[in-house]
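Here's the structure we're looking at; comments come further down.
Chain letters run A, B, ... following the sequence lines, proteins first and then strands; every chain starts at 1.
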Amino acid sequence: MNLDFAQIVPYIPFIFEGIKVTLLVTLLSVVLGFIWGSILALIKISKFGPLNWLAVAYTSVFRGTPLILQLTFVYFATPQLTGYNISQLEAAVLTFTLNSAAYISETIRGGILAVDKGQWEAAKALGIPYRRMMLDIILPQGIKNILPALVNETIALLKESALVSTIGLADILQNANVVKGAIYRYFEPYLIAGVLYYVMVMFLTWIARVVERRMRRSD
Amino acid sequence: MIKIDNITKSFGQLDVLKGISTEIGKGEVVAIIGPSGSGKSTLLRCMNLLEVPTTGSIAINGEEITDPKADVMRIRQQIGMVFQHFHLFPHMTVLNNLTYAPIKVKGMSRSEAEKKAKELLARVGLSDKAGVYPSRLSGGQKQRVAIARSLVMEPEIMLFDEPTSALDPEMVKEVLEVMKGLAHTGMTMAIVTHEMRFAEEVSDRILFLDDGRLQEDTPPKEFFQNPKSERAKQFLEKVR
């Protein structure tokens, strides 16, 4: 076996710098994807014909094509189509937001429909307008139902964010690639990258458990 | 106060209400009874438009609520409804269950809403439960909170849809006591119930429904001692 961690030590801070980018892409995409996904879910359960159809078609397209294709498409085709020179970070966040919103919207839709029908009736009987009812009564209960699924989506997104290395964005994986190129060793940089991802996922899982416990206060 | 004029309601092929007309006066307490599937709950749910009648009209204080242009939200704020399964908001404390609608829908200030809510909780005997979540309450307590939640909106009419049917027997009384107290305050009430003794004692009139039709509309004494229709006789024999 040919292992030499001494050589890689000077490069470790460089790989660690990728954490910032990985986290930035993941968190921005999760938050924006959640907002956009909620809107899509509300459109899907409303009975507003054309918009409803658009939301369903949107979801179908984003779930039906590879994420790496979507990323490549956004990054390389945007300048060609619009003339706007999209940055790597913008392309990454945009793609992951649009993509995760498609998945999250289905999860939220399921969560909303699982809320007891009596809750809708009680809200209506009190004269609570539709928008308020959805935001204050139905969504909070629906989201509580799907919290574990949302955490899984966040974890999946964190790992999938490694795809941004394909457009050269300096995340953990891309920095490991760079180190590999500099020292001609594969095992050590990728091992470090792998450990970083794993620790981040464990951290997210722990946060999720804490949040879930807090939300179950009312049980 | 409520004028129901020849309403029908169909769910697809199923005709649940087949032409019902009646009136409920201000301060009147009306018990709606009948076998299951007779349309009692549907009739009640038409009164706050949780179900929209297929034909016919309903007017409240002369305002036709079945008019497609009617402001449904405002009308519902004047009509409280209590459900068989309570339907408290599980993610809010008891106090917030009571104050949510007055603050967010009626625009009442938080301090005023909380003052009113606490008065009502005292009235239903649950002052000590203001800060707890509904999951900590017994069925009877939940139903009393649900009644208070409706009352805090200061409705003119209260609808009760089998309010004690989901309760353990020993909790029925505490809910009926609260309802009795409410009846004495002059509240207009329509109650779908299987509690015959309660109906006889508290109501001013009995509406007996069978097969989507109003078979009897009589004072309770007359109904229970001397029912006119054959169906009512059969029904009473079974339930007593």
Got a sec: does the OH of A/Y58 have more than 12 other heavy atoms crowding it under 6.0 Å? yes
Counting only non-hydrogen atoms closer than 4.5 Å, does B/L49 touch chain A with its backbone (N, CA, C, O), its side chain (CB onward), both, or neither? neither
Quick one: what part of B/F89 sits under 4.5 Å from any heavy atom of chain A, side chain, backbone, both or neither? both
With rounding to the nearest 0.5 Å, note down the distance linking CE in B/M92 to CG in A/D136. 6.0 Å
When every non-hydrogen atom of A/A122 is compared with those of B/F83, the smallest separation belongs to CA-CE1, 3.7 Å
Find out whether B/R76 and A/K124 are in side-chain contact, i.e. whether some heavy atom of one side chain is under 4.5 Å from a heavy atom of the other. yes
Top residue by heavy-atom pair count (under 4.5 Å) with chain A, among B/R74, B/K104, B/K106? B/K104
Should we count CZ of A/F16 as having more than 12 external heavy atoms under 6.0 Å? no
Under 4.5 Å to a heavy atom of chain A? For B/R45 that would be side chain
Does B/K115 NZ have over 12 foreign heavy atoms under 6.0 Å away? no
Please give me the minimum heavy-atom distance between A/G127 and B/V105, naming the atom from each residue. O-CG1, 3.4 Å
Would one find more than 12 heavy atoms of other residues, nucleotides or ligands at under 6.0 Å from atom OH of A/Y130? yes
Sidechain-backbone polar pair: A/Q119 side chain, B/P90 backbone, donor-acceptor under 3.5 Å: no
Here the gap from B/H87 atom NE2 to A/I137 atom CD1, rounded to the nearest 0.5 Å, amounts to 13.0 Å
Side chain / backbone / both / neither for B/Y100 at chain A, heavy atoms under 4.5 Å: side chain
Measure the shortest side-chain to side-chain distance between B/R149 and A/L126 over non-hydrogen atoms and say whether it is less than 4.5 angstrom. yes
At a 4.5 Å cut-off on heavy atoms, which part of B/I79 comes close to chain A: side chain, backbone, both, or neither? backbone
